[in-house]
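Beneath this line is the structure, given in structure tokens, with notes to follow.
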Amino acid sequence: MMKVFKTTYGPWALVAGASEGLGAAFAESLASRGINLILVARREPQLLAFAEVLRDRYGVTVETHALDLAVPGAAESFIRGLHHDVGLLICNAAYSAVGLFQEVPLTQLQQILSVNTAAPLALTRELIPRLIKRGRGGVVLMSSLSGGQGSANIATYAATKAFNTVLAEGLWQELGSQGIDVIASCAGAIRTPAYQSAQKGAEAPGILSAHTVAEETLGALGKTPTVIPGRLNKVVGFLMRRLLPRATAIRLMSKSTKELQ
Ligand SMILES: NC(=O)c1ccc[n+]([C@@H]2O[C@H](COP(=O)([O-])OP(=O)(O)OC[C@H]3O[C@@H](n4cnc5c(N)ncnc54)[C@H](OP(=O)(O)O)[C@@H]3O)[C@@H](O)[C@H]2O)c1
């Protein structure tokens, strides 16, 4: 299985937002499968230290690039300048500002759009022709259960996650016949530094480790257009998206997003 994964999605994977949390877990899961890595995020010291750990632990080649994906044009020029045989793109970088819509400065709302939608769009658009030429490869777009319906307190962030889910589903249909697997990972709460600093109250039920989310997402790649990691989250996702009236789903989700700061 490892060999098939490496042949399909290797020899190089690009992880956007790899300096900590889930992106770091994706990088480690890929390194454990023998895939070389291109790690992108803004904080260079974290990237350099993490790359060293991965090289020592897994014997893979790791490159780091300190890059602000919110800068217009940065994502596309980065891909255009890459000469590696990249077989897998993980669009994991995200930004969120918590608060009522009218109280969050417009510049922060625009930053959410830039990092969470414009950047994955550009990375994916620039890489896909190369994947098509190879005839195999994959793209993971990180989404969230919060993107399944409107979510108070993080309305713009949730809307960007809905964008990622729907984009991934469309690309799954367009590219599947050409050997390119696209998946949206609609995660519930993940125990990452970002989650832990934003959560005021007790941990959300069904919270998962970053390692579990990364492994379940990579395991589902090529099998389905969307995955909801974790058993409880799958049930919650089914309830919210399929069974409950939309207004009830919005109210329920907003109860838990009210706990964010
Ligand atoms: N944590 C959760 O509970 C949860 C739940 C559902 C979905 N998700 C999704 O899962 C993904 C990872 O979540 P997380 O909690 O691990 O997030 P995180 O800790 O905030 O990590 C996001 C990553 O993105 C990078 N990043 C942020 N802004 C960037 C920019 N302008 N340019 C380049 N890189 C940037 C950060 O690194 P630098 O700061 O070094 O740039 C970091 O490596 C996100 O897409 C999130 O929406 C998370």
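Keep in mind that the numbers below use all heavy atoms, side chains included, and drop hydrogens, waters and symmetry copies. All ligand and atom numbering here is 1-based and tracks the order in the structure.
- Under a hydrophobic clustering in which Ile, Leu, Val, Met, Phe, Trp and Tyr are joined whenever their side-chain heavy atoms come within less than 4.5 Å, directly or via other members, V140 and L121 fall into different clusters.
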Which is it for D181 and L175 under the side-chain contact (heavy atoms from CB on, under 4.5 Å) test, yes or no, and what are the steps along the way? CA-CA 7 Å; D181 302 320; L175 296 167; over 6 Å; no
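- Residues of the protein with a heavy atom under 4.0 Å from ligand 1 are G17, A18, S19, E20, G21, L22, A41, R42, R43, L67, D68, L69, A70, N92, A93, A94, V115, M142, S143, S144, Y157, K161, A187, G188, A189, I190, T192, A194, Y195, listed by chain and number.
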Can E76 and R125 be said to form a salt bridge (charged side-chain N to carboxylate O under 4.0 Å, His left out), step by step? CA-CA 8 Å; E76 48 268 49; R125 173 63 184 81; over 6 Å; no
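- Checking N164 against S143 by side-chain atom types alone, no donor-acceptor pair falls below 3.5 Å.
- If you chain together hydrophobic residues whose side chains sit under 4.5 Å apart, L47 and L67 never meet in one group.
- Between atom CG of residue N233 and atom CD of residue E216 there is a gap of 9.0 Å, rounded to the nearest 0.5 Å.
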